[in-house]
There are 2 protein chains.
Amino acid sequence: MSSSPRPGATRSTLAEVAAAAGVSVATAARALGSYGSVRPETADRVVEAARRLRYSRNGLARSMVTGRTHTLGAVVADIENPFFARAMRAFSDVAGQAGCQVLLSNTDEDVGSECAAVEVLQRRRVDGMLVAPASPVEVAHLHRVHRSGTPLVLLDRALPGLTADSVVIDNVLAGRLATEPLLAAGHRRIAMVTSADLDGPDDPRATPGLGRVVGYRQALRVAGVDVDDALVSTGDFRTASAEQRTHALLAGPHPPTALVTTDSSMTLGALRAVHARGLRIPDDVSLVGIDDADWLPVLDPPVSVVDQPAAQLGALAAGLLLRRLAEPGAPPVIRTLPVTLISRGSVGPPGLPGDH
Amino acid sequence: MSSSPRPGATRSTLAEVAAAAGVSVATAARALGSYGSVRPETADRVVEAARRLRYSRNGLARSMVTGRTHTLGAVVADIENPFFARAMRAFSDVAGQAGCQVLLSNTDEDVGSECAAVEVLQRRRVDGMLVAPASPVEVAHLHRVHRSGTPLVLLDRALPGLTADSVVIDNVLAGRLATEPLLAAGHRRIAMVTSADLDGPDDPRATPGLGRVVGYRQALRVAGVDVDDALVSTGDFRTASAEQRTHALLAGPHPPTALVTTDSSMTLGALRAVHARGLRIPDDVSLVGIDDADWLPVLDPPVSVVDQPAAQLGALAAGLLLRRLAEPGAPPVIRTLPVTLISRGSVGPPGLPGDH
DNA sequence: AACGGGTTTGAGAACGTTCTCATCTATTTG
DNA sequence: CAAATAGATGAGAACGTTCTCAAACCCGTT
């Protein structure tokens, strides 16, 4: 079998199918849409004509009149990030089962891109929208979406003042859970490598990163350890940034004996730096990450993490969106999913300073 | 700022904006669409009215008449797979720059899902479509798409008989490049862990997996090593499958001294098995993967791979699609991107059999 | 033979744009 | 001062469906 495109290929319309079957457009529509009632033989004739003419229903025209596009928008930082990849995979699986497709946008944590993406999705009349907001502050566009009546669900961070459905984890708890095993092992100089921006608002729910820093500080305080802000290394969300900042931390005069990394990019960056410096985990430096990755168990030693259920988050987000499609008046909910510490082998007792 | 959704929120239309601005629909359309000619003051009045009424242009209606949806479809096996994630990220970046959005579908390598996805995209009148075909045999649906005139670009495998634009790598070469360093190190029993189905057609271009097996065999033959088909472990594309099959290979009476894995899921699976058996790389078993992953360099030892330029593949695919949108008559091209061996530290001399 | 109830069908409006064409106004030119 | 020209505007068709409503039809009952 071989095929070539027909450049002047003009698609056949319902009217043409109807004419070919010798019925009216209305009847053809009924036969093909399987609604209303139509005589079986007539239906067969229509279906046959449709097949012969290679009819493909125009979804745009359909959406035009039904008001439903069966499309959900998804606006996230970066689909290449395994966390979002997993969440989006689950999101689109659940959406797909309900007959919806997903229009995907990457923002690279840029509010401008997010704004534009949301606008475009709005114009395309998506039935609903999932957003993992880049900023907890610049949210006017999200309020607009919400007010316009488009179902909206927030992923990974709830926004104070925006009563939209949200699916989040307890980031403060995640930060605490990651820090505690290090404290328990005797560490006192524990650094945090994060992409959070500490200069933002104080609400720990505002951004995942911020909440995790708060949790980290809580854990330190509870253990009676002084919080040294020089040990909290902030920067952008890229692996390269984490790598470079970990180098800086470890090269300092009074380096940390343990690291907490707040997402898998940070973890990878930290590992690269540790590797490059010839340090061993956990002998020279201990490590606990937040956000699991499938390759962390095959490291030597395997890396302990606080796992966040990315797939569940995505699936739940889709579920909430679909529910709201069905009953727009339902009260908005914020669902918090549990995080769990997975102890592997990257935590040990602190080595003597300058041991390596 | 706080907001709540207006349940009965009915969107304002161009007609309403026109009425509010005291002009005709045609003029309002011109003012907002910045085409034709309209007096500046009139335009201002329209823009102001649009702002006041929170007008958002209905993209569906627009597409209806222009015949363009500014949407590209993408049908791949699994967005969670880093290879596809990288390719899709690049694809949607390039598409986005050209003002197109991406409608994404996962097929899990299932032809039925692929078929359905392609159908839906067709109905939605996407401007073009990228498909990474699940099967080199069942391709009737792809021929239909191609014949219908929808621009189509094939990712990762070219289909004999389908003269569509394709973006591929030289899989035979990849298989050879992965095998050669192992042969050079002295290995004679080299196993391959792949997701390819060996019972398919013989054309090595048909599926990536098959091509890689062919390359592997070529390399062996050139080196004068007998090809033992028991060493080629086939199965599905999941990590768990690769893990289990690697166990089986290593538990055999005459186990391989080296492994080639044909994608990053296979590599991870193999690593898990090796890890679980307490074997060391490269002392007990050597390993070369196909498809790089960002975490492979931080393993101890770092794993050597044949890298395939996923991002470039995706970007190029988008480029070809956009080009074909502009000039539908252009002759179809097959672009083959280069693969390169990245030597790290997972290849050593073969240990004595039963050494461990 | 007339009637009633259900099924099957068709005509045509509606969805919200874009775009062609004709009209009308202001400006320039002979 | 009339005519030509360019710019600004409006009326209305078109895109391809879905869906309401009324008409036609069929069958059994009185």
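Lettering follows sequence order; numbering is per chain, from 1. What you see is a predicted model; the values in this text were computed from it and never measured.
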- Query: Going by atom types only, do B:E114 and B:H141 share a side-chain donor-acceptor pair under 3.5 Å?
  - Reply: yes

- Task: Treat primed atoms plus P, OP1 and OP2 as sugar-phosphate and everything else as base, then score nucleotides 10-18 of chain C 5' to 3': B for base contact with protein heavy atoms under 4.0 Å, S for sugar-phosphate contact only, - for none.
- Result: BB---BBBB

- Message: For a quick check of understanding: with a heavy-atom distance under 4.0 Å over all strands, which category does A:S63 fall into, base, sugar-phosphate or nothing?
- Response: nothing

Distance-only donor-acceptor hits, side chain of residues 97-104 of chain A, under 3.5 Å, sequence neighbours excluded:
unit_1, atom_1, unit_2, atom_2, d
A:Q101, NE2, B:S105, OG, 3.1

- Answer with yes or no whether the side chains of A:R11 and B:T150 bring together a donor and an acceptor at under 3.5 Å. yes

- Message: In whole Å, I'd like the distance from the CZ atom of B:R39 to the P atom of C:dC24.
- Response: 17 Å

- Report yes if the side chains of B:L130 and B:V76 come closer than 4.5 Å at any heavy-atom pair, otherwise no. yes

Between protein and nucleotides 25-28 of chain C, what N or O pairs are separated by less than 3.5 Å?
none

- Item | Charged N-O contact under 4.0 Å between B:R45 and B:E48 | no

- Item | Neighbour count >12 (heavy atoms, 6.0 Å) for atom CZ, B:R123 | yes

- Is A:T71 close to A:R124 at the side-chain level, that is, under 4.5 Å between some pair of heavy atoms? no

- Message: Using a 3.5 Å distance criterion without hydrogens, assess whether the side chain of A:R68 forms a donor-acceptor pair with backbone atoms of A:D127.
- Response: no

- Query: Does a side-chain N or O from B:T42 land closer than 4.0 Å to OP1 or OP2 of D:dT9, or not?
  - Reply: yes

